[in-house]
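What follows is a single structure, written as structure tokens, with notes after it.
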Amino acid sequence: MSGDGLRQRKKDAKAKKTSGTPATKYPISSIKSSILLFIAMFTIGFLALYSPKVAWRLISPYFTPQPVWEPVPPSRGVSAVDFSADVPKREATVEAFKHAWLAYERDAMGDDEYHPISHKGSNLSESGGIGYTVVDSIDTMFMMHLDEEAQRAREWIATELSFDREGKFNTFETTIRVLGGLLSAYHLSGNDPLYLEKAKDLADRILPVFDTPSGLPLSMVNLAQRKGISDVDNRGFVSTAEAATLQLEFKYLSLLTDEEIYWEKAEKVMEVIKGSHLTTGLASIFMNPEDGRFVLSAIRLGSRGDSYYEYLLKQYIQTNLSEPVYRVMYDDAMNGVLTHLVQKSQKAGLTYTSELIPERSMGGEISWRLTPKQDHLVCFFGGSLMLGAITTGSATGKVSVPPRADELTEQGKRDWLAGVELIETCMRTHDTATGLSPEIVHFRIPNDGIDGSGAAQDWYIKGARPGEFPPYDARYILRPETVESLFIAFRLTGNRLYRDYGWAIFESIQKYCRIESGGYASVVNVDEVPVRHEDKMETFFMSETLKYLYLLFEDANVLPLSQYVFNTEAHPFPIFHPSIRTGFS
């Protein structure tokens, strides 16, 4: 046992005696202490025999060593920090983007979504598309210096793009993909007024979703009618993540147009959420737009929860650390996440995030069940924690690359190490037949009843049985979250390992997702070779996955994290100091 563990107090074997006087009597307080110690030892011994888990929880704090400060995992090969571009790998991502974009442009130009196997496009509304793929992809073209492709995309936006469309469009998706893409294109194009004009038109059509009793936005919008629509599938409740992931876009638009209404509507949402604060710092995945309160629902970092936590940090960063309310909310949330959701796997000690599921008893009492389920979406969180550690966890105001222990607060060190470990866990989920990560994994826990089923020691794909059609959990739909964290981790450490990880993922995408005739498709089962494809190329593949891979291998002076904040669809906005007085903060 180390010196930091339990220490035995040394007691004199014999009481001191004075010649001619009786032996010293033990004071009553000492006797009481001995009795209490005996009771404690007896209790622990009893629990160790009949309930070892409880016993270990009681004594583990005294036996568990404190983590050693190792800001980065061991690097492979060259250990010197080198932020220059890896040109061959960077250019390989450009060729992959062209393979995806040119096929889309050939078969489905202007359509919202692309189906590369059938060579067709589709739209989100029968009245026509709103530029999901074109607008979502154009800033990637600017970054990759694909000038001809960007010019053709601009021409389509100028002559064909219309938001006067009937139908139900998701407020969140439309904001992060289309509004975010237009605002980023405006900045990266050198302030081409076309993009800002289109962005303002779209935002004005979205604004009515905020006209609820609480100010929380409705989940859907009819852009032609400029009308918010409730989500009947979820009883009219709104997703917490979706309501709290519009702020970067609307605030940046407010800065560019000098119109405060965009800022006020977005900021009101955060004021409502803060007013409904849960004591744990966590957030349920649904809220009621009528009263602005959380609805009894799951708590997780996956779907409907993820970007709420992401934007707490990014709102603080976006306005140059000038709004401390978001720092307070972020720190509070991270304390809740690290206390209640982050767990260790039983074999390899992998750090992962679990979900809290509410359950109501027959008597009406509420309890929470911890479920060892982690979405691929959660893999953004490792990089986010590392970025938050050097932002809200900085002890000196400026940190090295990678940070030294004395440059971070205790919370900063905690968050940084948790972020590093979560990235390693996400990379472990790429240990599949294809090298691609599944949509959802479950982690082994004691007494989970799957011993002898062939499940992996630490994690497995639930319901994936040989000979049966793969469950949704087994899919890889070209998601970007792991490479997003790798990009951030490399920028904050200079560790070549993160580029190695990213290249391995890119090679797997090239091998198993690339369609020879053009485009890329989702894989139905990551653990099956030869692979089966789903005929769909998500817009975020060109907007996020290939963009983050490109930036991972690009020179770190391009779009530095000290000057830019990326929205949740990987559209970069410049960091600024607000020109208006923000009432909430």
Side-chain angles (χ1 to χ4, degrees), residues 112-113 124 129-143 150 153-154 157 161 163 169-189 191-192 194-207 209-210 217 219 221 223 239 241-257 259 262-263 265-267 269 306-308 310-315 317-319 377 380 384 479-481 484 487 538-548 551 559 561 563-576:
D112 289 330
E113 297 180 327
L124 302 174
I130 57 171
Y132 252 47
T133 295
V134 176
V135 178
D136 215 9
S137 304
I138 192 168
D139 64 353
T140 309
M141 301 178 204
F142 286 134
M143 295 178 203
R154 184 196 184 280
I157 292 171
L161 178 61
F163 298 125
F169 297 93
N170 183 276
T171 303
F172 161 75
E173 298 288 359
T174 304
T175 298
I176 66 170
R177 300 189 194 206
V178 187
L179 181 58
L182 289 168
L183 292 172
S184 178
Y186 174 74
H187 174 73
L188 295 177
S189 66
N191 300 346
D192 184 334
L194 169 69
Y195 301 114
L196 184 57
E197 174 188 329
K198 293 290 186 181
K200 189 177 185 307
D201 177 30
L202 176 59
D204 289 341
R205 294 172 184 271
I206 294 174
L207 276 179
V209 303
F210 294 98
S219 299
V221 59
L223 295 175
S239 161
E242 293 185 4
T245 312
L246 316 170
Q247 286 65 29
L248 297 188
E249 297 79 5
F250 276 86
K251 287 180 177 181
Y252 185 39
L253 179 62
S254 179
L255 175 79
L256 296 175
T257 61
E259 295 187 25
Y262 305 122
W263 192 293
K265 293 293 186 181
E267 188 178 65
V269 175
D306 50 357
S307 51
Y308 162 70
E310 175 187 358
Y311 268 38
L312 289 180
L313 174 63
K314 289 184 174 180
Q315 286 183 81
I317 293 173
Q318 182 184 35
T319 54
L377 289 168
F380 88 92
S384 181
R479 284 205 185 276
E481 282 74 20
E484 174 185 356
F487 158 68
E538 299 282 355
T539 73
F540 51 66
F541 179 64
M542 290 192 288
S543 171
E544 296 186 76
T545 308
L546 290 178
K547 180 186 294 172
Y548 279 129
L551 291 173
L559 298 175
L561 294 178
Q563 297 177 29
Y564 287 88
V565 60
F566 288 77
N567 88 334
T568 197
E569 191 73 6
H571 297 304
F573 303 151
I575 293 172
F576 62 87

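Numbers here simply count residues along the sequence, with the first being 1.
A donor-acceptor pair under 3.5 Å is formed between the side chain of Thr257 and the backbone N or O of Leu253. Glu569 places no side-chain N or O within 3.5 Å of a backbone atom of Arg177 that could act as its donor or acceptor partner. The main-chain N or O of Gly181 is never found under 3.5 Å from a side-chain atom of Asp139 such that the two would form a donor-acceptor pair. Using modelled atom types, one side-chain atom of Gln247 and one backbone atom of Ala243 make a donor-acceptor pair closer than 3.5 Å. With hydrogens and angles ignored, the 3.5 Å screen pairs no side-chain donor or acceptor of Asp192 with any backbone N or O of Tyr195. When atom types are taken as modelled, the side chain of Ser543 and the backbone of Asp136 share a donor-acceptor pair closer than 3.5 angstrom. For the pair Asn567 (side chain) and Ile176 (backbone), a donor-acceptor distance under 3.5 Å is present. Between the side chain of Lys547 and the main chain of Ala570, a donor-acceptor pair closer than 3.5 Å is present. Counting only distance, with no hydrogens or angles, the side chain of Asp112 and the backbone of Thr133 share no donor-acceptor pair below 3.5 Å. Listed for the Ser307 side chain is no donor-acceptor partner under 3.5 Å among the backbone atoms of Glu310.
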Test side-chain contact (heavy atoms from CB on, under 4.5 Å) applied to Leu202 and Val178, step by step: CA-CA 8 Å; Leu202 176 59; Val178 187; 3.6 Å; yes
Before you tell me yes or no, could you show the steps for Ser137 and Thr539 under side-chain contact (heavy atoms from CB on, under 4.5 Å), namely the whole-Å CA-CA distance, both residues' side-chain angles and the distance that decides it to 0.1 Å? CA-CA 8 Å; Ser137 304; Thr539 73; 5.9 Å; no
Run the side chain to side chain donor-acceptor pair (under 3.5 Å) check on Lys251 and Gln315 step by step: do they pass? CA-CA 9 Å; Lys251 287 180 177 181; Gln315 286 183 81; 2.9 Å; yes
Show, in sequence, the C-alpha distance, side-chain angles and deciding distance for Leu188 and Ile138, and conclude whether the side-chain contact (heavy atoms from CB on, under 4.5 Å) test is met. CA-CA 10 Å; Leu188 295 177; Ile138 192 168; over 6 Å; no
Using the side-chain contact (heavy atoms from CB on, under 4.5 Å) rule, take Ile575 and Ile317 through it: C-alpha gap first, then chi angles, then the decisive distance, then the call. CA-CA 7 Å; Ile575 293 172; Ile317 293 173; 3.7 Å; yes
Kindly indicate, with the supporting measurements, whether the criterion side chain to side chain donor-acceptor pair (under 3.5 Å) is fulfilled by Tyr252 and His571. CA-CA 12 Å; Tyr252 185 39; His571 297 304; over 6 Å; no
Would you check, one step at a time, whether the test side chain to side chain donor-acceptor pair (under 3.5 Å) holds for Thr175 with Glu249? CA-CA 7 Å; Thr175 298; Glu249 297 79 5; over 6 Å; no
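Scanning all heavy atoms of the two residues, the minimum distance from Leu248 to Lys314 falls at CD2-O, 3.7 Å. Minimum heavy-atom separation, Pro572 to Tyr564: CB-CD2, 4.1 Å. Contact record, Ser189 with Tyr186: OG-O, 3.1 Å, taken as the closest heavy-atom pair. Between Pro480 and Thr545, the shortest heavy-atom distance links the atoms CB-OG1, 3.3 Å. Nearest heavy-atom pair across Tyr262 and Ala203 is CE2-CB, 3.9 Å.
The CG atom of Leu256 lies 10.0 Å from the NE2 atom of His187; values are rounded to the nearest 0.5 Å. Distance CG/Leu246 to CD/Glu267: 14.0 Å, rounded to 0.5 Å. Atom CZ of Phe172 and atom CD of Glu242 lie 5.5 Å apart (nearest 0.5 Å). Summarising the geometry, atom CD belonging to Glu173 is positioned 13.0 Å from atom CG belonging to Leu179; distances are rounded to the nearest 0.5 Å. In this structure, CD1 in Ile130 is found 5.0 Å from CZ in Phe169, a value given to the nearest 0.5 Å. Taking OG1 from Thr171 and CG from Leu207, the interatomic distance works out to 11.0 Å, rounded to the nearest 0.5 Å.
The ring-ring contact (aromatic ring centres under 6.0 Å, His included) test with Phe566 is passed by exactly one of Tyr311, Phe573, Phe487: Phe487.
Checked against the 6.0 Å centroid criterion, the rings of Phe250 and Phe210 qualify as a close aromatic pair.
Between Leu196 and Leu182 there is no side-chain heavy-atom pair separated by less than 4.5 Å.
Comment: Arg479 does not engage Glu538 in a salt bridge, judged by the lack of any side-chain N to carboxylate O separation of less than 4.0 angstrom.
Every side chain to side chain contact (heavy atoms under 4.5 Å, CB included) that Asp201 has, sequence neighbours left out, goes to Phe163, Arg205, Arg226.
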